[in-house]
Each structure stands twice: as structure tokens, then as C-alpha cells.
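One structure is given here, and the rest of the page talks about it.
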There are 2 protein chains.
Amino acid sequence: MDRNIMCPRSLRYLLAVAEHHSFTRAAEALYVSQPTLSQQIKQLEESLDVQLLDRSGRSVRLTDAGEVYVGYARRALGELDAGKRAIHELQDLSRGSLRLGMTPITDYLAAPLLDNFNTRYPGITVSTLEMPQDDIESGVAEDNIDIGIAFTNTLSTEARSNGIETQLLFIEPLNIAVGKAHHCAGQEEPLNEHAFEQEPLVLLNSDFALRRHIDLYCLEHNISPHIAIETNSLSTIIEVLRLGRLATILPDSIVCRQHEVYSVMLLPELPHHTITLISRKESYKSPASLAFMDLAAGWGVDGCRKIPSHRSGPCPMSELCDPDED
Amino acid sequence: MDRNIMCPRSLRYLLAVAEHHSFTRAAEALYVSQPTLSQQIKQLEESLDVQLLDRSGRSVRLTDAGEVYVGYARRALGELDAGKRAIHELQDLSRGSLRLGMTPITDYLAAPLLDNFNTRYPGITVSTLEMPQDDIESGVAEDNIDIGIAFTNTLSTEARSNGIETQLLFIEPLNIAVGKAHHCAGQEEPLNEHAFEQEPLVLLNSDFALRRHIDLYCLEHNISPHIAIETNSLSTIIEVLRLGRLATILPDSIVCRQHEVYSVMLLPELPHHTITLISRKESYKSPASLAFMDLAAGWGVDGCRKIPSHRSGPCPMSELCDPDED
DNA sequence: CCGGTCCATAGCCATCGCCTATAGAGCTAA
DNA sequence: TTAGCTCTATAGGCGATGGCTATGGACCGG
């Protein structure tokens, strides 16, 4: 029974004999006994049904067949060595890949984190997929994406039972956002719920967790918002704000990055927006996934400490974009 | 003790699981039991110190490391398969090499045989080395050449004890050769030994077996040859003949290929020249060597049958060059 | 002819590959 | 929530294997 024909060990034995022109010297070099070498190479020759070595002279030489075969054997061993190195490079993160799912909102928020990750691990390829929140949850569950960046408080019970686990990234205050030409632009005094009901709004549609978050707030406070436009495009929302007539509700970190778009507080206050990483619970995680989650964990904790409930300073993103301050 | 890490068997097990996404189905496909597969792959992962398969879901999938590694594993197995095919192709003579040693005389005689061999086995590279007879014998003994084409009756006793074996190639009559302008050119009547002693000769020097053959003949018949020029160059001999003054002794097959060079018989007749293949006795012979010796055996037998003691027809080489007449 | 060197074989033994039996986890349907 | 089914991992047994030492036999040089 040829269980171990052409094992790397046998190939190395052959190559050593070819190099040293002697079973005895090759055996010494390989730290095995000469009879071991003799027997193993004999079995290799028998399994290949060809004589690889010419033993008739004083020194051992490769036959024509042996010459041909050692070329292939060397390349085969080279592939195995390269394979071993490659998987260890993967483990030390000099190479790899990562699939991230994000909504348009979290795409915006996480961009600095992605940039930081790529700076730190340039050999890892990150592919990001923009999708609605529900698709992120199912994508993680079905292993179509490695990590989702989503809102926590809207995770479905189905997601929770699907073996999804969460890791806090950061908490974001939400406020009314208006363009420069809007009559509320620049006012320090918060809007009350009655005034809020009078404002025509442009909002994301209900595919998005942010929208559902707003709907829940309105339901809880008995507010009937005046929704003029619904869309699935954040860009569309920003453009409409600039026209000056409509308002929207957005995380502060997005607002402060838009030219001539202003925050206005709402009372009662909108619950803060919690951004989390979601991944499959108790399943294999690649080194790249683990590295991203580690980076995000350190980054998010710093982020949380630095965001006050009501901000008077510059855009929080400039603080968050420099995690190396520690 | 990791005796058999990365054996082709383990690699094939891994590739099968990756393909079937199931240990059970892969085991069925490989005709081993499922626990065997499970254990062998576990050992491979332990030896590489990395997890290659993600078993956490309902179907088994490769990890990132696994994806990387199977590429290398496939190529390694491909090299081994190719190596196996290549050595069997070698055995079927689609590739190989052959080193031949010949004297200037036998080089001439064997050229049609070489041409025939190359026609039949175009994948085999033949390298010919021209050398004196003694060098042919020692070259074979020391395995610097695979086969020598030499004269039999001058083999030394040393060569015979050196484990040299011989195989008859063909027997060649020797005669006086003269140029067109020589006074004996075209005469049908043989020269007797007295007239022969008067003729100035150009001969090869005593490094060459042909020369020693001629010296032995003269000694046996008490003839004192008139040797005007000695050389180690057959070309020189042919050029000197053309000048018309000198004669030489050559195999008929060389004479009939020279423009305006004529044979003249000598009485008593020179012993025929026996050309043989010499090779190392009881040592490894490559498939290419065996094939050459087989072809020469069939060719030489045909050659011997076709050469009469005194020729009246065209050059024997044209007969010998067509061994496919059978 | 003798002594030394080197490869091949014999016999022994620890380890291995493969088996069957079965434990345990996970999933689905009732 | 529970039972049944499927699939992977582990336990234990056994024949096969890789490696050892001892030694036979061939070959070479003095």
C-alpha cells in the first residue's frame, strides 16, 4: 500500500542524495541513518516504477529520469514552502482581505477608521459594500460580509437570535440640520416639538435605521413630523438642504463636514445614535477581521470619551481622526 | 514527530473538503472514512499552526489562510503529477540525452546511424565527441560518455577488464585509396605487397586504431610500408590524396563518398575492420542508450549481410542508409 | 589478497493512517 | 421545547510504516 508516496520527506531524501552523490553523506546531512535513506528512495523508485539513481559507480548519480524528476520535485517543495510562508504572512497581517458592510450614514462615519486601518495594514484589501441596515444584518449572518457597521438600537430580534454579536464603535448625537438660507440657520435656541412639526423635512426612507430611529422618537413624543421628501440618497438630502427651504435630522459628525450646513438642537432631545460593529457570533474570524475589530475597539473608546452631549467646539471628526494622540 | 506533514495525501484531503464543503462527502469521494479525513486535516492544520477550514457553519469553508494555501497545494500536486508523466515520457523516449565517443574514422562511418536515430527519436539530444580510440575506452569506463563507437580488435586487455562490453556494429573492408591523378587510379588489378612497399603513403598516426590495424598487418606479412606523412587529420589525408602523388589505406565506405578518390585492392587482403559499440558492462543504461544500442544492433546486422568481400556495385552507404527496406 | 568504504537487506520497535463505534453540536420539524 | 437527523470530532484498536542497529555483499585501492 503506497500511503506516503512522493511525500516531501522522500523528495528531500532524493534531492540530498543527488546533491551529495552519496547515500551515506546525504543521510548525515539529513540526520537519518543510511539504511533509512536507502529504503525510502527505493520505495519512491518502486512507486514511480523508474530508477532515479545510478548506483553502479563509486559515486551515486541521477539517471536521466532522475534528472527530470528532481526538477519537478524541487518546484513542488518550493510551492509547499511558499504556501507555508504565505499563510504566516496572512497571520502577521502582511496580506489579507476584509469585507465591510455599511449604510450611507455609517459609510460616512467610518471613513476615518478605514483610512487608519489601511495606513496601519497596507497589505490588507478592504472592500466596502453600501447597503440598507437589514441587508447588513443578513449579510453578516450569511457570511457575505465579515463585519457590518450599523446602528445598535435597531437590531432586530431576528438578528440577535441569528448569532450576531455587537461591539460598540461610538455614540453620535443627532440634531436638526439646515442650510445657510434656512430661517433657523445659526440660531442657538433649540426648536421645541411644536415648531418642529411646522418645519417641512427631507428624510431618508424607512429602509434606513436612522429614519426608523426618528419615527420611534416622534411616536414616543406624539410628534407628527411634516415629511416633504423621502429619499435613499444622503447626497440628495444635502443638496436639498442647501436650497434653504427644508430641514433634516442628521448626526453631528456629518453636519460639521458639510460646507454651510448648520445644526439646530431639538427639545426634547433625540436619543443619541449608537454605531456598532456587528459580526457573526462564535464563528471563525480571519486575522484581518480581528485586527479591524481591535483597531475599532481602541478607536471607539477614545471617540466616546471625547464627545460631550452638547458640543461647543469644532467638528468632533477632527478629534476622532487623530487616535495616535495617546 | 511530524513524519508526513504536507504529504500529497493530506493535501488531496484538504482540496477535496474545500471542493465538497463537507468532510462526509469528501470522504466518500476519496474512499476513506470521515474520521480519517477529520484527523488528517486536523494534523495538517496543527503542523502548519493555522486553521485552514471554517467548520462553524452548516457547510465547511476555507478560511483566508485556507484559500491561500490550497493555491500552493494545487500547484505542488501539479508539479508531482507532471514529474511522474515526464519520467514516463522519458521512458517512452520522447525526451532524453545520449553521449557518443567516436574516432574521426568511426565518426564518418556512423553518421548515417546517427541521422537515423535522430529521425526516429527527435526528442533525444545526441552529443558526439571525437577522440582517439584509447580515450573512447577510458571515457566509457569513467562514464564520461555513454557509448563509444570503436574498433574491436584493438581493444586493450585493460579495457576488457574494465567492465567494457561490446556489440558488433558492422564489418568494413579496407583498401588502398588514391586520388584521380595517381598512377594506380582506376586499375582493377590488385597491388601485390612488393608494389605496395614502393608506394609512398600518407597515414593516420598511431593514436588511431586504424593505424595500429595496418601496422599489425604489415608486421604479419613482413611488409615495410613507405610512410611519407603521418597525421591525426582525416581531412588532411583526403587533401593530400587529391594531389595525386601519395596513397593511403581507408575503409571503403569513406572512399566511395569522396569525389575522385578511388579504391585499389591489396594482396594479401587487409583484414576487415570491425566496428563495435562499447559501453560499461553491468551498469545503468538510460532509455536513450538502450534505444541507440537496439537501433544499432538491427542496423549493423543488416549492414553485415549486405557488404560482400569485393564490391562491384555502388557505395555501400546508400544501402546502409535505408534500413527500412525490411 | 586484504582491509576499508558504501549501499542493500534483515529484524525490531515506536509511531502512524485507517478503521468502527460513538459523543456532541447544530438544525429542523412537530 | 423536544425528538430525530446529520455532520464533525474523539476514543480505541490494529495493520502498515519509518527509522533504528547489525550486518551482508560489492567494489576499490594498496
Side-chain angles (χ1 to χ4, degrees), chain A residues 1-14 16-18 20-47 51-63 66 141-143 158 161-163 280-284, chain B residues 1-14 16-18 20-47 51-62 141-143 158 161-163 280-284:
Chain A
M1 186 211 282
D2 289 336
R3 270 181 185 169
N4 297 320
I5 61 174
M6 295 178 283
C7 276
R9 188 196 61 248
S10 299
L11 303 180
R12 278 189 268 273
Y13 288 173
L14 175 66
V17 173
H20 292 89
H21 299 289
S22 160
F23 282 72
T24 304
R25 285 200 294 280
E28 285 163 5
L30 294 172
Y31 303 101
V32 296
S33 68
Q34 176 269 319
T36 295
L37 211 58
S38 180
Q39 268 298 337
Q40 290 300 310
I41 289 180
K42 180 182 177 184
Q43 282 181 328
L44 178 61
E45 286 176 321
E46 283 169 358
S47 67
Q51 196 175 333
L52 299 170
L53 293 166
D54 178 5
R55 302 151 167 85
S56 59
R58 284 213 73 146
S59 66
V60 179
R61 278 178 315 254
L62 288 165
T63 62
E142 288 162 15
D143 195 35
E158 184 187 19
S161 67
N162 258 352
R280 254 183 347 279
K281 181 183 286 184
E282 286 167 40
S283 71
Y284 172 76
Chain B
M1 183 211 281
D2 289 335
R3 271 181 184 172
N4 297 320
I5 63 174
M6 293 177 280
C7 274
R9 186 196 62 248
S10 299
L11 302 181
R12 276 190 270 274
Y13 289 174
L14 176 66
V17 173
H20 292 88
H21 298 290
S22 160
F23 282 75
T24 305
R25 286 199 295 280
E28 286 163 4
L30 294 171
Y31 304 100
V32 297
S33 69
Q34 176 269 319
T36 295
L37 210 58
S38 180
Q39 267 298 337
Q40 290 300 308
I41 289 180
K42 180 182 178 186
Q43 281 182 326
L44 178 61
E45 286 176 319
E46 282 168 359
S47 68
Q51 195 176 333
L52 298 170
L53 293 167
D54 178 6
R55 302 154 168 81
S56 58
R58 283 211 71 147
S59 67
V60 178
R61 278 177 317 247
L62 288 166
E142 289 164 8
D143 194 36
E158 184 188 19
S161 69
N162 259 350
R280 257 186 341 283
K281 181 183 288 182
E282 287 169 41
S283 70
Y284 173 79

Problem - Pro8(B) vs Arg12(B) side-chain heavy atoms within contact, under 4.5 Å - result: yes
Problem - Side chain proximity check, Arg55(A) to Ile41(A), heavy atoms < 4.5 angstrom - result: yes
Practice task
Mind checking salt bridge (charged side-chain N to carboxylate O under 4.0 Å, His left out) for Arg25(B) and listing every partner two or more places apart, or none if nothing turns up?
Solution key: none
Can you tell me the distance, in whole Å, between the [atom1] atom of [X] and the [atom2] atom of [N]?
| X | N | atom1 | atom2 | answer |
| --- | --- | --- | --- | --- |
| Arg12(B) | dG17(C) | CZ | C1' | 15 Å |
| Gln40(A) | dA16(D) | CD | C1' | 12 Å |
| Tyr13(B) | dT8(D) | OH | C1' | 16 Å |
| His21(A) | dT5(C) | NE2 | C1' | 18 Å |
| Leu44(A) | dT17(D) | CG | P | 15 Å |
| Phe23(A) | dG19(D) | CZ | P | 15 Å |
| Arg25(B) | dT6(D) | CZ | P | 13 Å |
| Arg9(B) | dG18(D) | CZ | P | 10 Å |

Roughly how far apart are [X] [atom1] and [Y] [atom2], rounded to 0.5 Å?
| X | Y | atom1 | atom2 | value |
| --- | --- | --- | --- | --- |
| Leu30(A) | Gln40(A) | CG | CD | 11.5 Å |
| Arg58(A) | Ser22(A) | CZ | OG | 11.0 Å |
| Ser33(B) | Leu37(B) | OG | CG | 8.0 Å |

Measuring to OP1 and OP2 of [N], would you say a side-chain N or O of [X] lies under 4.0 angstrom away?
| X | N | result |
| --- | --- | --- |
| Lys42(A) | dT9(C) | yes |
| Thr24(A) | dT5(C) | no |
| Thr36(A) | dC20(D) | yes |
| Ser22(A) | dC7(C) | yes |
| Ser33(B) | dC19(C) | yes |
| Tyr31(A) | dG18(D) | no |

Problem - Side chain Glu45(B), main chain Leu52(B), donor-acceptor under 3.5 Å - result: yes
Considering all heavy atoms of both residues, which atom of [X] and which atom of [Y] are nearest to each other, and what is their separation?
| X | Y | value |
| --- | --- | --- |
| Leu44(A) | Ser10(A) | CD2-O, 4.1 Å |
| Leu53(A) | Thr63(A) | C-CG2, 3.6 Å |
| Gln34(B) | Thr24(B) | CG-OG1, 4.0 Å |

Practice task
Compute the angle between the rotation axes at the two ends of the helix from dC1(C)-dG30(D) to dA30(C)-dT1(D), each taken over five pairs, rounded to 10 degrees.
Solution key: 30°
Practice task
Identify, residue by residue, the members of residues 53-61 of chain B with a heavy atom below 4.0 Å from DNA chain C, and return them in order of residue number, or none.
Solution key: Arg58(B)
Completion exercise
Per atom distances to the Gln34(B) side chain, the nearest of dC18(C), dA8(C), dT8(D) is dT8(D)
Exercise for the section: Hey, which sits more toward the 5' end of DNA chain D by its nearest nucleotide, Ser38(B) or Val32(A)? Expected result: Ser38(B)
Problem - Distance-only donor-acceptor test, Gln39(A) side-chain atoms vs dA8(C) base atoms, 3.5 Å - result: no
